[in-house]
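Structure first, commentary second.
Source: prediction; values computed, not measured.
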Amino acid sequence: MMEEETKKNWFVRFLLWREKHIRERTFVLIVSFLVGICAAIAAILLKYLIHAIQGLLMVNSAEGVNYLLLVYPVAGILLAGLFVRYIVRDDISHGVTKILYAISQRKSRIKVHNVWSSLAASSVTIGFGGSVGAEAPIVLTGAAIGSNLGRLFRLEQKTLMLLVGCGAAGAVAGIFKAPIAGLVFVIEVLMLDLTLTSVLPLLISSVTAATMSYIFMGTEAMFKFSQTEPFVIERIPYVLLLGIFCGLVSLYFTRSMNSIEDVFRKFTNPWKKFLLGAIMLSILIFIFPPLYGEGYNTIEALLDGRYDFMLTNSIFGVFEGNYWGIIIFLTLILLTKVFASSATNGGGGCGGIFAPSLYLGCIAGFVFSHVSNYFDISMYLPEKNFALLGMAGVMSGVMHAPLTGVFLIAELTGGYDLFLPLMIVSISSYTLIIMFEPHSIYSMRLAKKGELLTHHKDKAVLTLLKIDKVIETDFIVLHPSMTLGDVVRDAIARSPRNMFPVVNSAGQLIGIVLLDNIRNIMFRPELYERFSVSRIMVSPPEKIRSDMPMEKIMQIFDDTKAWNLPVVDTDGRYIGFVSKSKIFNSYRDVLVETFSED
């Protein structure tokens with residue numbers, strides 16, 4: 001006890017010394033450096049654990065159809081599900097969505113267990129062959145590191161938001177060895193505004209994490225890619241068509257994943273979820289072995305021009321060497337990957353969609369060029385190059401992040417000579433999908449609830465505003481049976497307000513009494529018993545529900561031209577009033593607190 005007290009006092013003395021001797025901006029840079037180191041360590045550890053588990057499982061693997069591949073992924077999602085349910089006891093799925101929610105609703109506070117829980121669950125899920133990626137869990141881990149380090153050093157909310165971004169940037173940079181992609185990911189996907197104050201900490205975290213990865217995992221690109229065919233301008237129309245195709249694949253992936261997740265969400269019993277996920281995953285991996293694990297070996301093979309080997313250990317092996325056999329096989333994988341990924345997460349596993357989107361993009365680009373070359377369209381399309389471009393296209397569409405797609409693929413493969421076509425395919429894919437889905441797979445559920453923080457500063461502030469912080473309750477409540485005399489004596493005489501809510505016996509709002517409407521009779525005592533509240537009350541222009549997002553509330557104020565509106569719960573019971581002036585005052589406070597420069 002004494003030792004804990006001594007340590008605590010030491011840390012408090014350090015914080016006081018820091019406040020006196022180190023400026024806030026300088027200290028944020030130091031913390032962002034620490035965040036970058038910790039995020040890189042987490043990324044390196046996750047990769048090591050995944051490869052170690054895979055190595056142990058595959059040590060006795062035989063040639064031909066490996067029936068253990070039916071068991072391993074199911075065991076992985078079972079172990080991960082039990083770990084989450086009985087040890088973590090919290091939902092850790094959809095890592096990036098959780099970060100977006102933490103930024104917009106929880107003042108950038110992410111629970112401490114997220115520093116290790118996502119890492120442990122995803123390493124088991126993916127190590128055993130779950131058809132998901134490790135990147136979203138490690139991004140949540142990095143964000144949790146940034147959030148909790150900031151809270152440890154007692155930094156304010158807007159700095160916490162920045163450190164969450166630093167952790168996410170460091171995680172992406174660390175696991176992919178892609179510092180620029182880490183920075184751009186935070187701006188595009190987490191939707192943090194890039195200012196002079198925030199750019200340097202984000203860069204420090206990204207570069208630090210990437211440097212750590214270079215030291216421990218080598219400086220070579222994650223995927224080996226050698227460009228044997230230079231890009232020529234005449235191929236631009238085909239790159240545009242590839243972008244459109246990738247946009248359609250992204251739309252299919254996004255909507256299918258949402259639909260399948262809705263099916264899993266309907267099951268309240270976790271064992272039923274596991275059973276459904278296990279059956280789907282086993283069947284799909286048995287029929288299509290390339291769905292096993294992250295699928296990075298498939299990406300490496302397609303970027304290297306090798307594709308026949310994928311049929312070797314599958315029931316489609318009879319089509320090995322057949323041109324249309326490989327096209328049909330890869331097309332079926334394009335259609336079924338989303339089911340395998342959804343089954344992995346829905347059944348209890350933990351993983352993200354980074355790797356599946358890269359995987360689908362690589363296959364989409366290869367199939368597009370392979371089919372085009374078969375029909376001998378005007379010019380040859382290099383299949384390796386188009387597989388690379390497809391990766392950027394599908395990632396840009398699924399994540400609604402064209403710049404992240406461009407820089408990540410360039411840094412992952414070293415394909416910097418293809419920068420122009422990478423940009424073309426990413427932008428065209430993104431342009432197509434936003435025509436049908438205005439929000440990414442990460443943000444659409446939050447956007448529907450009005451809980452999404454965006455680059456639009458006005459909307460962002462309204463998202464951060466909570467209705468319970470602006471409700472005013474100092475209004476005297478009336479009942480319909482009261483007389484005008486009761487109103488004058490018991491309400492008007494005691495209240496500084498000029499309006500009064502009227503509720504029934506169940507507490508439901510049925511109208512309001514406006515002082516302006518009764519001014520001509522309120523000074524005539526002979527009318528006091530003749531008029532009841534039910535006669536003098538009027539309906540409000542609109543009622544605000546307590547579960548409405550603030551953006552919707554402001555829209556109602558604009559439509560009604562009202563200055564004050566009553567607030568009711570979902571059952572119509574009266575809670576209070578909201579005024580424009582109160583919202584504007586709170587808006588100004590949040591704007592200064594969250595977005596002002598130091």
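- Judged as a ring pair (Phe, Tyr, Trp, His ring centres under 6.0 Å), and not counting sequence neighbours, the contacts of F223 are Y296.
- For the pair Y252/L335, a side-chain contact is recorded, criterion being any heavy-atom separation below 4.5 Å from C-beta on.
- The aromatic ring centroids of F407 and F419 lie less than 6.0 Å from each other.
- Side chains of L302 and K384 form no contact here, defined as non-hydrogen atoms less than 4.5 Å apart.
- In this structure, A42 and L119 approach most closely via the heavy-atom pair O-CD1, 3.5 Å.
- Although no hydrogens or angles enter the test, the distance criterion places no donor-acceptor pair under 3.5 Å between the side chain of Y359 and the main chain of T298.
- For F216, the side chain to side chain contact (heavy atoms under 4.5 Å, CB included) test picks out I44, M212, with sequence neighbours left out.
- Smallest separation of non-hydrogen atoms from G76 and V124: O-CG1, 3.7 Å.
- For the atom pair CG (N114) and CD1 (I145), the distance works out to 10.5 Å, reported to the nearest 0.5 Å.
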* To do: Walk me through it: do V184 and I180 pass the test side-chain contact (heavy atoms from CB on, under 4.5 Å)?
  => CA-CA 6 Å; V184 176; I180 301 175; 4.2 Å; yes

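- With a 4.5 Å cut-off on side-chain heavy atoms, T344 and P73 do not count as touching.
- Ring pair W271/F274 is perpendicular by interplanar angle, where above 60° counts as perpendicular and below 30° as parallel.
- For the atom pair M222 CE and M217 CE, the distance stands at 8.0 Å (nearest 0.5 Å).
- Between the N148 side chain and the I110 main chain, a donor and an acceptor come within less than 3.5 Å of each other.
- In this structure, the side chain of T141 engages the main chain of P137 through a donor-acceptor pair within 3.5 Å.
- The minimum heavy-atom distance between C166 and V35, with the atom names listed, is C-CG1, 3.8 Å.
- Using a 4.5 Å cut-off on side-chain heavy atoms (C-beta onward), F264 and M280 make contact.
- You'll find the side chain of F83 stays beyond 4.5 Å of the side chain of C350, heavy atoms only.
- Side-chain atoms of D304 do not come within 3.5 Å of backbone N or O of E300 as any donor-acceptor pair.
- Rounded to the nearest 0.5 Å, atoms OG (S342) and CE (M257) are 3.5 Å apart.
- Side-chain contact between H370 and I326 is present, with at least one heavy-atom pair separated by less than 4.5 Å.
- Remark: the backbone N or O of L251 is not paired with any side-chain donor or acceptor of T254 at under 3.5 angstrom.
- Residues F231 and P421 form a side-chain contact, since some pair of their non-hydrogen atoms from C-beta on lies under 4.5 Å apart.
- Applying the side-chain hydrogen bond (donor to acceptor under 3.5 Å, both in side chains) test to every pair with at least one member in residues 116-133, sequence neighbours left out, gives these pairs: H113-S117, S131-K337.
- Of all heavy-atom pairs spanning I434 and T431, the tightest one is CG1-O, 3.3 Å.
- Side chain of S429 to backbone of V425: no donor-acceptor contact under 3.5 angstrom is found.
- Residues F386 and V239 are in side-chain contact: their nearest non-hydrogen atoms beyond the backbone lie under 4.5 Å apart.
- Judged by distance alone, the side chain of S250 and the main-chain N or O of V394 form a donor-acceptor pair under 3.5 Å.
- Here the closest non-hydrogen pair linking F253 and I441 is CE2-CD1, 4.2 Å.
- To the nearest 0.5 angstrom, F288 atom CZ is 4.5 Å from T336 atom OG1.
- Remark: I41 CD1 to S213 OG distance equals 10.5 Å, nearest 0.5 Å.
- Annotation: side-chain hydrogen bond (donor to acceptor under 3.5 Å, both in side chains) contacts involving residues 397-415, sequence neighbours excluded, comprise E188-T404.
- Side chain of K177 to backbone of G218: a donor-acceptor contact under 3.5 angstrom is found.
- No side-chain donor-acceptor contact under 3.5 Å links N373 to the backbone of Y380.
- For the side chain to side chain contact (heavy atoms under 4.5 Å, CB included) test, residues two or more places apart in sequence or in another chain that qualify with A173 are S206, A209, A210.
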* Show your working on side-chain contact (heavy atoms from CB on, under 4.5 Å) between L403 and F185 and close with a plain yes or no. => CA-CA 8 Å; L403 287 177; F185 170 83; over 6 Å; no

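- The minimum heavy-atom distance between P270 and R85, with the atom names listed, is CB-NH2, 3.3 Å.
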* When you look at V132 and E294, which way does the side-chain contact (heavy atoms from CB on, under 4.5 Å) test go after all the steps? -> CA-CA 6 Å; V132 286; E294 293 173 291; over 6 Å; no

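- Separating the CD1 atom in I236 from the CD1 atom in I424 is a distance of 4.5 Å, to the nearest 0.5 Å.
- With sequence neighbours excluded, the residues that form a ring pair (Phe, Tyr, Trp, His ring centres under 6.0 Å) with F176 are F354.
- Remark: the backbone N or O of K47 is paired with a side-chain donor or acceptor of H51 at under 3.5 angstrom.
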